[in-house]
Number of protein chains: 2
Amino acid sequence: MIADDERNPASKADVRREQILAAAQTCVLEQGFHRASISKICKLAGMSPGHVYHYFENKEAIIAALVRRDLDHVLDFTAGMRASADVLEAMIDRIPLGVAEKLDPRDASLKLEIAAEASRNPNIARIVREADACSLKSLRQTIAEARRARGLPDDDKTVAELAVVAAAMFDGLVIRGVRDPDTDREAVARRFAEILRGVFLA
Amino acid sequence: MIADDERNPASKADVRREQILAAAQTCVLEQGFHRASISKICKLAGMSPGHVYHYFENKEAIIAALVRRDLDHVLDFTAGMRASADVLEAMIDRIPLGVAEKLDPRDASLKLEIAAEASRNPNIARIVREADACSLKSLRQTIAEARRARGLPDDDKTVAELAVVAAAMFDGLVIRGVRDPDTDREAVARRFAEILRGVFLA
DNA sequence: GCCAATAGATTGAACGATCATTCTATATCG
DNA sequence: CGATATAGAATGATCGTTCAATCTATTGGC
């Protein structure tokens, strides 16, 4: 075989790890952390239970990797925003997309599971909080830039407060999507834009 | 023994049921639904595992009762609001309390666990959605009354949209409390009040 | 070019623990 | 006495994890 480590950065081991994580994600999504057993995961990943432990130390390591992967994905999503010329318009343009994604019950399940686990598992909490600090920082930069462009004060305190409120608004949609699946996405997006313009840029 | 069902509505059976629910709540709070086993619950409640099944058909019935009890408590909280003379002031006065409660990580654990479970367990979903419909209705009435008192349009569509956004804002705090335990409660409460006055009453 | 040696990939049975649940036996009380 | 309350052992399933055995593929000697 041609050496993977030179021609292809995704070695066989990496592929296997990814298979396990994908299977674990499906299981957690469908049944939650508690019922996502190793036996189900390895069956879905098409390998034996013993082999799973060749790539992950234990079940918690799988969960931690899953959490980290999901949070990395979120960070990627927000990263593109600050690259735009008009940051505010980029934010507002993305609201309908962000609202739709957060309200999607398929995503909600995993995110809620992660949050619940973080509220009592210190290892998961650390991962979640690192990602959140990074995500909030990005949001603060975006808000500060939008305010500067409009000649508004962009002191740290103001910007930080607005970022927390904005984060809370979007985070809340994850719960709303579960509590009321028929939530009107268009209306929420419109009202969110209204708040963004009316409060965040005033 | 004096007949409980006449003199005291809390019969011995009700007391036992409540013991079980209290123990179950503690277990779920500390370890989540998955690790809240019958053996732990019955040990904490001070009774044998067999006896638990004398009062609940199975584990899911305990969880369902726990969910229902938690949601009833939330409905009680919001019910008092509409009784006030000045509904808007009552709403705004209650913001700091509501913010503090939602950001409390002790409450968050149970609420997130319930939401996560609802996103894939139809029985739990039904209970959660019934309670949410009730809670949202209450919120709509409050907002409509506040707007009427200020001569603002109180058409159903507008009010419904605002209620959803307000619910999302507070729901989001549950997740924020987990993701960033150091969230500034005073600042969030102040900004929320600002949004309530600036957007909901305009 | 072939064969033995070796190292990594993979298996699946087995382990002890714990799970939700059931059942029978005993205790308590009206 | 009859009925309800309660206990706790037993059941079979499933859990996370381990481990010795087997397969596969690459390497090095000839």
Side-chain angles (χ1 to χ4, degrees), chain A residues 1-8 10-28 30-67 113 117 121 123-124, chain B residues 1-8 10-28 30-67 113 117 121 123-124:
Chain A
M1 189 199 282
I2 299 166
D4 277 331
D5 45 316
E6 290 182 13
R7 300 276 296 269
N8 184 358
S11 70
K12 198 167 188 176
D14 286 337
V15 171
R16 282 285 185 242
R17 255 184 278 269
E18 188 51 40
Q19 277 179 26
I20 295 170
L21 288 181
Q25 170 149 353
T26 300
C27 285
V28 170
E30 288 175 355
Q31 318 188 300
F33 281 144
H34 52 308
R35 293 196 172 95
S37 66
I38 295 287
S39 84
K40 286 172 189 163
I41 291 171
C42 76
K43 211 161 284 177
L44 195 62
M47 65 184 74
S48 66
H51 200 38
V52 168
Y53 283 84
H54 201 237
Y55 295 105
F56 291 93
E57 196 187 345
N58 50 35
K59 190 187 174 185
E60 191 178 349
I62 299 177
I63 290 177
L66 201 59
V67 169
E113 202 76 47
E117 188 68 12
N121 181 329
N123 287 333
I124 303 297
Chain B
M1 186 195 285
I2 300 167
D4 278 328
D5 47 315
E6 289 184 17
R7 299 275 295 268
N8 183 357
S11 69
K12 196 168 189 176
D14 286 336
V15 171
R16 282 286 186 237
R17 252 185 280 269
E18 189 51 39
Q19 278 178 25
I20 295 170
L21 288 182
Q25 171 149 351
T26 300
C27 284
V28 169
E30 287 176 355
Q31 319 189 303
F33 281 143
H34 52 308
R35 292 197 172 92
S37 66
I38 295 286
S39 83
K40 287 172 189 163
I41 292 171
C42 75
K43 210 161 285 175
L44 195 63
M47 65 185 73
S48 66
H51 200 38
V52 168
Y53 283 85
H54 199 211
Y55 294 106
F56 291 93
E57 195 187 345
N58 50 35
K59 191 187 172 186
E60 192 177 346
I62 299 178
I63 290 178
L66 201 59
V67 169
E113 202 77 47
E117 187 69 12
N121 182 330
N123 288 333
I124 304 298

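Note on naming: letters A, B, ... go to the chains in the order of the sequence lines (proteins, then strands), and numbering restarts at 1 for each one.
Partners of B:Glu30 by salt bridge (charged side-chain N to carboxylate O under 4.0 Å, His left out), not counting sequence neighbours: none found. Take B:Glu60 and apply the salt bridge (charged side-chain N to carboxylate O under 4.0 Å, His left out) test, not counting sequence neighbours, and it matches no residue. Scanning for ring pair (Phe, Tyr, Trp, His ring centres under 6.0 Å) contacts around B:His34 gives A:His34, with sequence neighbours left out. Judged as a ring pair (Phe, Tyr, Trp, His ring centres under 6.0 Å), and not counting sequence neighbours, B:Phe56 has no contacts. Every residue meeting the ring pair (Phe, Tyr, Trp, His ring centres under 6.0 Å) condition with A:His54, not counting sequence neighbours, appears here in chain and number order: A:His51.
For A:Tyr53, taking side-chain heavy atoms from C-beta onward, the closest of the listed nucleotides C:dA20, C:dG12, D:dG16 is D:dG16. Nearest nucleotide to the side chain of B:Lys59, out of C:dA20, D:dA7, D:dT17: C:dA20.
For the pair B:Lys40 (side chain) and B:Arg35 (backbone), a donor-acceptor distance under 3.5 Å is present.
Looking only at side-chain heavy atoms (C-beta outward), B:Asn121 and B:Ile63 stay at 4.5 Å or farther from each other.
Among the atoms of the strands shown, only primed sugar atoms or phosphate atoms (P, OP1, OP2) are found under 4.0 Å from some heavy atom of A:Tyr55.
Between B:Ile38 atom CD1 and D:dA7 atom P the separation is 15 Å, expressed in whole Å. Rounded to whole angstrom, the span from the NZ atom of B:Lys43 across to the P atom of D:dG8 amounts to 11 Å. Between the P atom of D:dT4 and the CZ atom of B:Arg17 lies a distance of 14 Å, rounded to the nearest Å. Following rounding to the nearest Å, B:Met47 (CE) and D:dA5 (P) show an atom-to-atom distance of 12 Å. B:Ile20 places its CD1 atom 12 Å from the C1' atom of D:dT6, with the value rounded to the nearest Å. For the pair B:Ile63 CD1 and C:dA20 C1', the interatomic distance rounds to 11 Å; values are reported in whole Å. Between the C1' atom of C:dT28 and the NE2 atom of B:His54 lies a distance of 14 Å, rounded to the nearest Å. Rounding to whole angstrom units, CZ of residue A:Phe33 and C1' of D:dC15 are separated by 17 Å.
Proximity of A:Arg16 to the phosphate of C:dT10: a side-chain N or O atom is located under 4.0 Å from OP1 or OP2. For D:dG8, the OP1/OP2 oxygens have no side-chain nitrogen or oxygen of B:Ser48 closer than 4.0 Å.
Nucleotides of DNA chain D nearest to A:Arg35 and A:His51 differ in position, and the one nearer the 5' end is that of A:Arg35.
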Could you run down the sub-3.5 Å N/O contacts of the protein with nucleotides 9-14 of chain D?
none

